[in-house]
Each structure stands twice: as structure tokens, then as C-alpha cells.
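Okay, structure first, notes after.
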Protein chains: 2
Amino acid sequence: MSALQTIYRHPLLTAEELEIIFKAHRKITFNKGDFLLKKEQVADGYFCVEKGLIRSYVYDFNGNDITTGFIGKNEIAIDVISLFHRIPSVEYFQALTDCECYVIDLESFQRLYHSIIGLNEWGRAWMSESLFELKQRTISMITDSATERYERLQSRHPHIVQQSPLKFIASYLGITDTSLSRIRKELVKEN
Amino acid sequence: MSALQTIYRHPLLTAEELEIIFKAHRKITFNKGDFLLKKEQVADGYFCVEKGLIRSYVYDFNGNDITTGFIGKNEIAIDVISLFHRIPSVEYFQALTDCECYVIDLESFQRLYHSIIGLNEWGRAWMSESLFELKQRTISMITDSATERYERLQSRHPHIVQQSPLKFIASYLGITDTSLSRIRKELVKEN
DNA sequence: TGAATTTCTTGTCTTATGGCAAGTAGATTG
DNA sequence: CAATCTACTTGCCATAAGACAAGAAATTCA
């Protein structure tokens with residue numbers, strides 16, 4: 001099962017339509033460290049991840065880089081605002097490992113989006129799903145301790161914890177690498 | 001200028017289309033304390049706020065209510081997931097003050113959404129804008145101190161600080177009412 | 001392979017925020 | 001008007017996480 005099949009699964013999309021959608025993508029690989037998108041660039045497409053791990057991040061006012069998200073297998077690396085509003089990105093998207101992706105450019109997407117009614121629905125479903133997950137994360141940032149957030153990340157997205165350096169996970173969780181190191185130590189001690 | 005005119009302003013929507021859209025809404029008022037939507041209910045429309053302040057919140061595992069957002073004049077009170085996925089809400093939406101809103105039900109929206117191409121674009125723009133703001137907030141929760149978050153809320157959304165009890169603002173900022181009270185005291189002292 | 005770089009850990013001290021409890025002031029209600 | 005409530009403040013002490021710095025371990029690279 002390819003990433004595309006998983007990503008585009010939707011009740012309103014037929015096998016034929018999916019075929020058309022898949023064909024609009026082309027395969028692209030990234031080496032560890034490569035950028036899929038940099039700050040100030042205008043995104044011209046989005047990436048469906050087949051293999052590997054990507055990190056999105058921003059710089060805060062102190063110059064620290066803050067991990068805003070991880071994108072792994074069967075997920076989409078996209079800066080929604082930059083792509084659809086045609087404005088420069090504020091985020092960086094960088095490959096944490098060698099990656100295999102399928103990319104589709106905006107023009108192709110727009111064309112399909114207007115001709116395949118189900119894709120329209122799929123897009124809205126995807127966006128509202130993203131909104132929901134982000135909301136969950138915001139609530140978690142408020143109500144859960146750093147330890148709890150780490151444990152949840154570990155159980156729900158073990159591949160992130162396995163593939164990403166500790167400092168990126170730490171900034172994603174909103175703590176320093178020092179603190180995360182200590183949290184890990186405590187968790188090991190407990191079990 | 002009514003809330004509807006502000007909310008639905010979009011380059012692809014003509015005056016005639018706007019007229020049709022506006023007519024699909026009906027006015028509805030809420031008294032302080034009324035619920036627009038409760039947990040477990042399936043949303044059947046969304047509310048464009050003309051006047052007043054609404055609070056959305058969830059209960060965390062400890063039974064504390066956590067404010068997830070404030071919705072004021074010219075903003076939309078909506079549970080995207082519940083409305084479009086037809087599933088029970090996890091949030092409560094409650095009027096903090098007497099409110100005047102314009103409500104549109106899902107069916108009417110769907111009909112317009114499929115007949116007015118610009119509304120389609122408007123919807124996507126609205127959703128991506130929401131995604132962006134939520135992302136900003138998540139980053140702020142990580143990189144800014146509680147004091148900074150409060151000051152920003154105060155400068156960007158003074159009406160919230162003016163109309164909402166301190167405890168709701170506190171939970172929105174991710175701190176206790178006690179802490180927010182102290183932060184306020186410090187800020188007053190500084191100026 | 002050896003040097004350089006990055007990653008991770010650990011120690012010490014500081015600080016922001018929380019938990020709990022008491023108390024005041026203002027609003028609401030019977 | 002008195003009796004409750006609710007909102008807010010304040011004090012005391014506990015704790016999670018940060019700042020800074022040193023060093024160990026792992027990885028990268030020439």
C-alpha cells in the first residue's frame with residue numbers, strides 16, 4: 001500500500017479518480033538535511049511522504065529554532081497558508097532522514113480540485129482533521145505535563161521518537177533538551 | 001457594517017452572491033450563560049457573532065474546564081469537526097455576555113457551498129486562516145512566557161480581557177487564576 | 001583512522017508557576 | 001437588607017523546568 005493510497009482514501013473518491021490523482025504526482029527523493037521548503041519561499045506544491053521523517057520549524061525571537069511538527073510516512077508536508085495564499089512561508093521544512101515523497105504542484109491540484117468533486121470533500125476533511133489535531137495539541141500543551149506529552153508522543157508516534165534527535169523532540173514538546181534528557185532518565189528509572 | 005459583511009468579504013464573492021448568502025442566515029440572540037453548543041451534541045450550523053463574547057471550553061482529565069477560545073464580534077463560533085463530520089462535539093460553546101448572532105444551518109450552507117464557487121474558496125481561506133492562527137498560538141504557548149502571552153492578548157484582543165472573568169483568561173493562557181492575578185499585579189507595578 | 005562536530009547527560013543554582021488556604025470586595029438574590 | 005456567591009487577591013511553601021557549564025558518547029567527515 002503506497003502512501004498515496006492511504007492519504008487519499010475517501011468514500012467519495014472512486015478508483016478511477018484516484019488513478020488520475022496519483023498520476024498527477026511525481027516521485028521525489030530528499031537526502032537527510034535537504035530542505036523541502038524554506039522561510040520566505042512560496043510553496044508551489046505539497047509532499048506526500050512515502051518514507052522518512054521531515055521536520056517543520058520556525059525561529060523564535062531569541063533565534064532558537066522551534067519544531068512545529070513532524071511529518072512521517074503517509075502524512076502530508078504542506079504549508080497551507082503559503083501554498084494557497086501564494087505568500088512566503090514562515091516555516092522551514094527539512095528532511096531529518098533520507099526521504100521518498102510524492103509531490104503534486106499547485107496548478108495540477110487546482111485542476112483536479114475543480115474537476116473531481118470528491119477531492120473537494122477530501123480537502124475539506126483533511127483540513128478540518130488538521131485543525132482538530134492542532135487543537136488537541138494546543139490543549140495538551142496547556143493541560144499536560146512535559147512528561148505526559150513525551151509519553152503520549154512516544155506511544156502514538158514511536159517512529160518520531162526513534163528517528164529524531166532529542167533536541168528537536170524537546171522543542172516540539174516545549175521544553176529544553178536538558179529537561180527532556182532528565183525526563184527520559186526518570187521514565188527509565190520508573191520501569 | 002454588519003458582522004456578515006465583514007466575515008464573508010472575499011474577492012470572489014459578488015454583491016449579489018453575498019446577498020444570497022446573508023439571506024440564508026437568521027438572527028438569533030443568546031443570554032449570558034446560554035449554550036450555543038454542548039459536548040456530545042452534533043453541531044447543525046455555525047454562528048457569526050454580531051455582538052457579545054462567546055467562550056469555547058473542554059474539561060481535562062482532572063475536571064478542570066479549559067478555555068480553548070474566545071469568539072467575539074465579526075468572528076465565527078463553529079466546531080468544524082462536529083459540523084462537517086456529523087459527530088458529537090467535545091467542546092462547549094457558551095455565551096459569556098448577552099450575544100447577537102447570525103446562524104446558518106449545515107444544509108443551507110452545503111447548498112450555497114456547491115452553487116457559489118466563491119464561497120468554496122472563501123471556506124478554504126477561512127479554514128487555512130484558522131489553522132494558521134492556531135499554529136501561532138501553539139508556538140506562542142511554547143516560546144512565550146505567561147506574561148508575554150497575556151500582554152499580547154491584551155493588546156490584540158482587548159475586548160476579551162475586558163469582557164471575560166480572569167479565570168477563563170487564565171485557563172486560556174495555560175496558567176491558574178492565581179498566577180494571572182500576580183502577573184497583572186506585576187504589570188501594573190511596572191507602569 | 002583521527003579530528004571535529006553533534007548529541008546527550010549531569011551538576012548546581014535560579015525562577016516561574018502551582019497548590020492550598022484565607023481573606024476582601026463586589027454582585028446577586030431572596 | 002441580609003445572606004450568599006463569585007471574582008479576585010495574597011501569603012506560604014513545593015516543584016517543574018530553565019540557564020549555564022562541563023564532560024561523555026556518538027556520529028560525521030576529511
Side-chain angles (χ1 to χ4, degrees), chain A residues 30-34 52-53 55 57 60-67 70 94-98 139-154 160-191, chain B residues 31-34 53 55 57 60-67 70 94-98 138-154 160-190:
Chain A
F30 296 99
N31 294 319
K32 178 176 178 173
D34 285 354
L53 188 65
R55 177 177 81 105
Y57 65 96
D60 71 10
F61 46 90
N62 293 317
N64 307 311
D65 82 64
I66 307 296
T67 301
F70 293 100
Q94 186 178 27
L96 281 186
T97 66
D98 292 348
I139 293 172
S140 170
M141 290 299 306
I142 293 177
T143 64
D144 302 344
S145 69
T147 303
E148 289 168 321
R149 296 201 298 278
Y150 176 71
E151 286 184 299
R152 180 164 315 156
L153 183 70
Q154 199 176 32
I160 293 175
V161 176
Q162 286 153 17
Q163 293 180 87
S164 170
L166 174 145
K167 65 178 176 182
F168 298 147
I169 298 170
S171 76
Y172 179 73
L173 297 176
I175 55 177
T176 57
D177 54 349
T178 305
S179 289
L180 181 51
S181 178
R182 290 189 175 119
I183 285 171
R184 272 186 170 171
K185 190 179 170 185
E186 280 305 307
L187 288 177
V188 168
K189 201 190 291 175
E190 281 176 23
N191 310 322
Chain B
N31 294 319
K32 178 174 177 174
D34 285 353
L53 188 65
R55 177 177 82 105
Y57 65 97
D60 71 10
F61 46 90
N62 292 319
N64 308 311
D65 82 64
I66 307 295
T67 301
F70 293 100
Q94 186 178 27
L96 282 186
T97 65
D98 292 348
T138 305
I139 293 173
S140 171
M141 289 299 305
I142 294 176
T143 63
D144 302 345
S145 67
T147 303
E148 289 168 321
R149 296 201 298 280
Y150 176 72
E151 285 185 299
R152 180 164 314 155
L153 183 70
Q154 198 176 32
I160 293 176
V161 175
Q162 285 154 18
Q163 292 180 90
S164 170
L166 174 146
K167 64 178 176 182
F168 298 147
I169 298 170
S171 76
Y172 179 73
L173 297 176
I175 55 178
T176 57
D177 54 350
T178 305
S179 289
L180 181 52
S181 179
R182 290 186 176 121
I183 284 171
R184 272 185 171 171
K185 189 178 170 185
E186 281 305 307
L187 289 177
V188 168
K189 201 191 290 177
E190 281 177 21

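Owing to the predicted nature of the structure, the values given are computational and were not obtained by experimental measurement.
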Within the distance-only criterion (no hydrogens, no angle test), does the side chain of A:Thr97 pair as donor or acceptor with the backbone N or O of A:Leu53 below 3.5 angstrom?
yes
d(A:Ile160 CD1, A:Phe70 CZ) to nearest 0.5 Å is 6.0 Å
What's the shortest heavy-atom distance between A:Val161 and A:Gln154, and which atoms?
CG2-CA, 3.7 Å
Expressed in angstrom and rounded to an integer, what is the separation of B:Asn64 atom CG from C:dG18 atom P?
11 Å
What is the separation between atom CZ on A:Phe168 and atom C1' on C:dT6, rounded to the nearest whole Å?
10 Å
Could you state the OH-C1' distance from A:Tyr150 to D:dA16, rounded to the nearest angstrom?
18 Å
Rounding to an integer number of Å, can you tell me how far B:Ile142 CD1 sits from D:dA16 P?
20 Å
Check every atom of C:dT17, D:dA17, D:dT9 against the side chain of B:Ala146 and return the nucleotide holding the closest atom.
C:dT17
Between CD of A:Gln163 and P of D:dT27 the distance, given in whole Å, is 15 Å
Of A:Arg182, A:Lys189, A:Arg184, the one forming a side-chain contact (heavy atoms from CB on, under 4.5 Å) with A:Glu186 is A:Lys189
Between A:Lys167, A:Arg55, A:Gln94, which is the residue that forms a side-chain hydrogen bond (donor to acceptor under 3.5 Å, both in side chains) with A:Asp65?
A:Arg55
Rounded distance (Å) that lies between atom C1' of D:dC5 and atom NZ of B:Lys32:
13 Å
Nearest-angstrom distance from the residue atom CD of A:Glu186 to P of C:dT10:
11 Å
Does anything in residues 175-185 of chain A reach DNA chain C, meaning a heavy atom under 4.0 Å, and if so which residues?
A:Thr178, A:Ser181, A:Arg182, A:Lys185
Hey, does A:Arg152 have a side-chain heavy atom less than 4.5 Å from the side chain of A:Asp144?
yes
Which sits closer to the 5' end of DNA chain D, B:Ser164 or A:Asp144, going by the nucleotide each is nearest to?
B:Ser164
Select base, sugar-phosphate, or nothing to describe what A:Gly174 touches, counting heavy atoms under 4.0 Å on all strands.
sugar-phosphate
Provide, to the nearest angstrom, the distance between the CG atom belonging to B:Leu96 and the P atom belonging to D:dT6.
15 Å
